[in-house]
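What follows is one structure encoded as structure tokens, with my remarks underneath.
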Amino acid sequence: MTSAENCQKTIILKNDLAELRRFGRFLTGFGENAGLPDPFLQDVRLAFEEVFSNIVLYSYTDEALHQIEIRFRMQENCLVLEIRDDGRPFDPLQVPRPDLDKPFIEREVGGLGIHLTCSLMDQVGYHSDAGINVLTMTKSVSRGEEGSVSH
């Protein structure tokens with residue numbers, strides 16, 4: 001990375017699933033600028049798509065346009081995404097983990113998306129900030145990928 005300023009970006013998305021395409025382009029540009037490898041970015045994109053889809057589909061009780069803010073930053077060899085929305089307060093980390101040992105047909109509905117997100121990312125945290133949901137996802141560039149990140 002040439003400078004810390006080049007590795008901190010914010011994008012505002014509407015509460016519309018079509019915005020995932022715009023996010024994908026934004027993530028690709030950010031990843032190229034930060035020197036992040038494609039497999040790393042694919043994991044981040046899939047984790048984000050799970051979170052964003054749940055926000056859009058379940059967080060809002062009205063049909064109004066809402067803004068979802070996503071802050072990206074590189075911190076040492078980690079990508080940190082902070083997703084901020086004004087939907088209903090909801091901590092996805094409190095959702096019971098799915099019982100993956102049960103046959104699919106016998107499993108309770110829900111929980112697979114956050115399970116996938118937590119599996120793809122190194123850390124996932126939640127807090128509320130003055131009525132705003134804040135989900136933070138962190139992923140380290142692995143030792144094998146480290147050489148492709150420029151500082």
Side-chain angles (χ1 to χ4, degrees), residues 1-98 100 104 107-142 145 148-150:
M1 282 168 238
T2 55
S3 72
E5 292 78 25
N6 290 339
C7 297
Q8 297 181 34
K9 301 280 183 188
T10 299
I11 183 172
I12 307 289
L13 302 177
K14 295 178 278 188
N15 56 321
D16 181 342
L17 292 177
E19 290 280 83
L20 286 170
R21 286 189 298 273
R22 195 159 69 94
F23 174 82
R25 290 189 303 270
F26 185 88
L27 179 63
T28 298
F30 183 88
E32 287 173 1
N33 185 48
L36 298 171
D38 285 338
F40 177 92
L41 293 173
Q42 290 170 5
D43 285 353
V44 171
R45 184 178 185 160
L46 182 55
F48 175 81
E49 286 176 357
E50 285 295 328
V51 170
F52 184 79
S53 296
N54 282 331
I55 292 169
V56 170
L57 295 172
Y58 305 115
S59 188
Y60 299 106
T61 58
D62 59 28
E63 297 295 317
L65 183 66
H66 293 269
Q67 294 184 335
I68 301 165
E69 179 180 358
I70 300 93
R71 299 175 183 176
F72 291 74
R73 74 177 182 278
M74 288 302 298
Q75 186 173 309
E76 298 174 10
N77 272 347
C78 293
L79 173 64
V80 179
L81 264 72
E82 184 179 276
I83 303 161
R84 303 173 66 87
D85 73 82
D86 66 344
R88 279 190 311 227
F90 178 69
D91 181 352
L93 301 176
Q94 297 303 312
V95 173
R97 297 284 183 241
L100 301 178
F104 184 76
R107 290 185 201 158
E108 296 291 322
V109 175
L112 282 175
I114 192 63
H115 175 74
L116 176 63
T117 298
C118 290
S119 297
L120 292 169
M121 304 301 286
D122 295 329
Q123 293 179 332
V124 179
Y126 170 86
H127 72 275
S128 180
D129 180 13
I132 301 295
N133 293 304
V134 181
L135 188 76
T136 304
M137 304 188 308
T138 304
K139 184 166 182 69
S140 299
V141 179
S142 71
E145 298 169 325
S148 56
V149 176
S150 56

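- Closest approach of Lys139 to Leu120, counting heavy atoms only: NZ-O, 2.8 Å.
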| Going through the distances and angles, do Met74 and Phe30 end up as a side chain to side chain contact (heavy atoms under 4.5 Å, CB included)? | CA-CA 10 Å; Met74 288 302 298; Phe30 183 88; 4.1 Å; yes

| said: For a side chain to side chain contact (heavy atoms under 4.5 Å, CB included) check, start with the C-alpha distance between Thr28 and Leu41, then their side-chain angles and the critical distance, and finish with the verdict. | reply: CA-CA 7 Å; Thr28 298; Leu41 293 173; 5.8 Å; no

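- The line from CD1 of Ile12 to CZ of Arg22 is 8.5 Å long, rounded to the nearest 0.5 Å.
- A 4.5 Å side-chain heavy-atom check between Pro92 and Leu135 finds at least one atom pair inside the cut-off.
- The distance from atom CD1 of Ile83 to atom CD1 of Ile132, rounded to the nearest 0.5 Å, is 14.0 Å.
- Asp122 CG to Cys78 SG: the interatomic distance, rounded to the nearest 0.5 Å, is 6.5 Å.
- Put simply, the side chain of Asp129 reaches to within 4.5 Å of the side chain of His127, judged on heavy atoms.
- Between the CD atom in Glu19 and the CD atom in Gln67 there is a gap of 10.0 Å [rounded to 0.5 Å].
- Side chain of Arg88 to backbone of Tyr58: a donor-acceptor contact under 3.5 angstrom is found.
- Once rounded to the nearest 0.5 Å, the distance linking CG of Asn133 with CZ of Arg84 reads 10.0 Å.
- Taking the six-membered ring where the residue is Trp, the centroids of Phe23 and Phe52 are separated by 6.0 Å or more.
- Under a 3.5 Å cut-off, the side chain of Asn15 and the backbone N or O of His66 do form a donor-acceptor pair.
- Under the side chain to side chain contact (heavy atoms under 4.5 Å, CB included) test applied with Ile70, the options Leu81, Val51, Leu27 reduce to a single match, Leu81.
- The ring of Phe26 has its center closer than 6.0 angstrom to the ring center of Phe72.
- In plain terms, the two heavy atoms of Leu93 and Cys118 that are nearest each other are CD2-SG, 4.0 Å.
- For the atom pair Ile55 CD1 and Asp86 CG, the distance stands at 10.0 Å (nearest 0.5 Å).
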